[in-house]
2 protein chains.
Amino acid sequence: MLVNPKKRTYELVIEQIQTLCLENNIPPGGRLPSERDLASLFGVSRNSVREALKGLESKGFLEIRQGGGSFLAETKRDILGNELGSRIDAAEIQYIDDMLELRRAFEVEAASLAAQRATPENLLAIREVLGQMALAATDPELGVQADVDFHLHVANATQNQLLIDLMETLAKRLEENIRATRRHRFTEAERHQETYHEHEEIYLAIESGNRERASQLMNEHISRIRSELHRSMGLPPK
Amino acid sequence: MLVNPKKRTYELVIEQIQTLCLENNIPPGGRLPSERDLASLFGVSRNSVREALKGLESKGFLEIRQGGGSFLAETKRDILGNELGSRIDAAEIQYIDDMLELRRAFEVEAASLAAQRATPENLLAIREVLGQMALAATDPELGVQADVDFHLHVANATQNQLLIDLMETLAKRLEENIRATRRHRFTEAERHQETYHEHEEIYLAIESGNRERASQLMNEHISRIRSELHRSMGLPPK
DNA sequence: CCCTGGAAATTGGTCCTACCAATTAAACCA
DNA sequence: TGGTTTAATTGGTAGGACCAATTTCCAGGG
């Protein structure tokens, strides 16, 4: 079994709480079991449960009231990381589109900031990912991972801890989004080369410290993904 | 424990840790006393110390290594140059600054999308908030709430559920951020009028469906807050 | 003298139990 | 029936114990 021995208990508890919320279909504003119940349920100490709840609270996923209990945030149930979003039906297109808008919002700014502040280590990390991306022409899943890593490393290069944290929080959704859009992009083979080139251009802009070009290229990158998605779905471009 | 019953213990511990870092002049990357020492030093349980350290870690102020200890974060960028600012104060400013960058990222895009899609209901809600903002000249806290609500309603007007959820998730941090920046902005009275005018202009751009002007005004709004923050802190504008 | 390997001390991670404080639900009386 | 009091529930804090990772230090060998 492939386990990460470095994972802390409270991190495992966070995942179990997320699963619990989904399986029991706890609505926004709904109350979670008490800390003592969660502890005995998961077979961990109340300490670890409290650390997990504290972490979830700090991310705005739930609210803890002394004497009252822990309550899911009003609109946040969906963002608690559900895995079942891999299926793509017509209803999910809107979701993919929303995610692309969200990505445009902070990835464009991230590219700009990265061009300002990327360290040699940041640039090296991005270059390595580009290498993996080039090698991933035959392996779609490898390409998705490299794509995700590229955008995560760009976020890292901003040196903005909040933005980095947010990006990691959204990493699963980002991966999901990239996988979904790639399914539509890569019907033809040469799309691979184009996509690689887009990422390479963004990297070069960041490396040269040209923040305006970096943000513009990222903006066009997102726009291109979006228009291709719409075209392949027979939707009007927005 | 005999203390202020309003604040949680771990919050008090956070302040005491900050004070400790100042008095002992702990450098970036420097190590803090062990959890046990801090607990006995402050007269609290190790639990509370751990909660405090955990909170500081989540904000990026320090790093916790099992078996190693707790280490102050390395300053990622040159905020130094001002000897009056303490290390922790610098970290707080960094946090405020990071939040402003994050806000620029998706509030600018949100303003643009809002200009495209705002419904009459959305516009009405924003107008009402503007009214509250105008009345809040004498009540700082009321002004903060109205300011927060303004930006939340702009996000609502995007019709992008992911963006709306994200904004609500970040609402607490947004409120903290606005409160912190207003502390520096509103040393003079006429700042109130200017701030109101900025928000009003953004609203008018959204109402008229001018997405470019809306995003540009929002961008300038954030830039102005940021430059004023830096000026009041004696930092170089970026 | 260095350095290398491993034992011992240090330190964060987790668990347990107990009690305090705030909230909620139930019981009670008018 | 309605409001108040009481009890049960739940989160907050304390303190002790042990585990796991890291660091420190020292003896032994080069």
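From a predicted model like this one, the values you see are computed outputs, not experimental measurements. Throughout, protein chains are lettered first and strands after them, A, B, ... in sequence-line order, and every chain is numbered starting at 1. Scope of the values below: all heavy atoms of this structure, side chains included, with no hydrogens, waters or symmetry mates.
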Can you check the [X] [atom1] to [N] [atom2] distance for me, whole Å?
X: B:Phe71; N: C:dG12; atom1: CZ; atom2: P; answer: 8 Å
X: B:Arg8; N: D:dG11; atom1: CZ; atom2: C1'; answer: 9 Å
X: A:Ile64; N: C:dA22; atom1: CD1; atom2: P; answer: 17 Å
X: A:Arg31; N: C:dA22; atom1: CZ; atom2: C1'; answer: 13 Å
X: B:Ile17; N: C:dG12; atom1: CD1; atom2: P; answer: 11 Å
X: A:Tyr10; N: C:dG13; atom1: OH; atom2: C1'; answer: 11 Å
X: A:Leu32; N: D:dT9; atom1: CG; atom2: P; answer: 19 Å
X: B:Gln66; N: C:dT11; atom1: CD; atom2: C1'; answer: 9 Å

Quiz item: Which residue lies toward the 5' end of DNA chain C, A:Gly68 or B:Gly67, if each is placed at its nearest nucleotide?
Solution: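 Nearest nucleotide further toward 5': that of B:Gly67.
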
Self-check item: For A:Ala125, side-chain contact (heavy atoms from CB on, under 4.5 Å) partners two or more places apart
Solution: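 A:Ala125 satisfies side-chain contact (heavy atoms from CB on, under 4.5 Å) with A:His153 once adjacent residues are dropped.
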
Quiz item: Residues from residues 36-51 of chain A sitting under 4.0 Å of DNA chain D, heavy atoms only?
Solution: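 Contacting residues: A:Arg36, A:Arg46, A:Arg50.
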
Ion pair present between [X] and [Y], side-chain N to carboxylate O less than 4.0 angstrom?
X: A:Arg179; Y: A:Glu141; value: yes
X: A:Arg65; Y: A:Glu57; value: no
X: A:Arg103; Y: A:Glu101; value: no

Quiz item: Mind checking what makes side-chain hydrogen bond (donor to acceptor under 3.5 Å, both in side chains) contact with A:Asn24, not counting sequence neighbours?
Solution: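 Checked A:Asn24 against side-chain hydrogen bond (donor to acceptor under 3.5 Å, both in side chains); zero matches.
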
Quiz item: At their closest point, which heavy atom of A:Met218 faces which heavy atom of A:Glu107, and how far apart are they?
Solution: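 Shortest heavy-atom contact: CG-O, 3.5 Å.
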
Quiz item: Would A:Glu15 and A:Lys7 count as a salt bridge (Lys or Arg N to Asp or Glu O under 4.0 Å) if you check the C-alpha gap in whole Å, the side-chain angles of each, and the deciding distance to 0.1 Å?
Solution: CA-CA 11 Å; A:Glu15 294 174 7; A:Lys7 264 197 174 174; 2.6 Å; yes

Quiz prompt | A:Tyr10: partners by ring pair (Phe, Tyr, Trp, His ring centres under 6.0 Å), with sequence neighbours left out | solution =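 So A:Tyr10 forms no ring pair (Phe, Tyr, Trp, His ring centres under 6.0 Å) with any residue.
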
Practice problem: Compute the angle between the rotation axes at the two ends of the helix from C:dC1-D:dG30 to C:dA30-D:dT1, each taken over five pairs, rounded to 10 degrees. | Solution: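 It works out to 10° between the end axes.
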
Practice problem: Can you tell me which residue pairs pass the side-chain hydrogen bond (donor to acceptor under 3.5 Å, both in side chains) test with a partner in residues 119-128 of chain B, sequence neighbours excluded? | Solution: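 Pairs touching residues 119-128 of chain B that pass the test: B:Thr119-B:Glu121, B:Thr119-B:Asn122, B:Asn122-B:Gln159, B:Arg127-B:Tyr203.
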
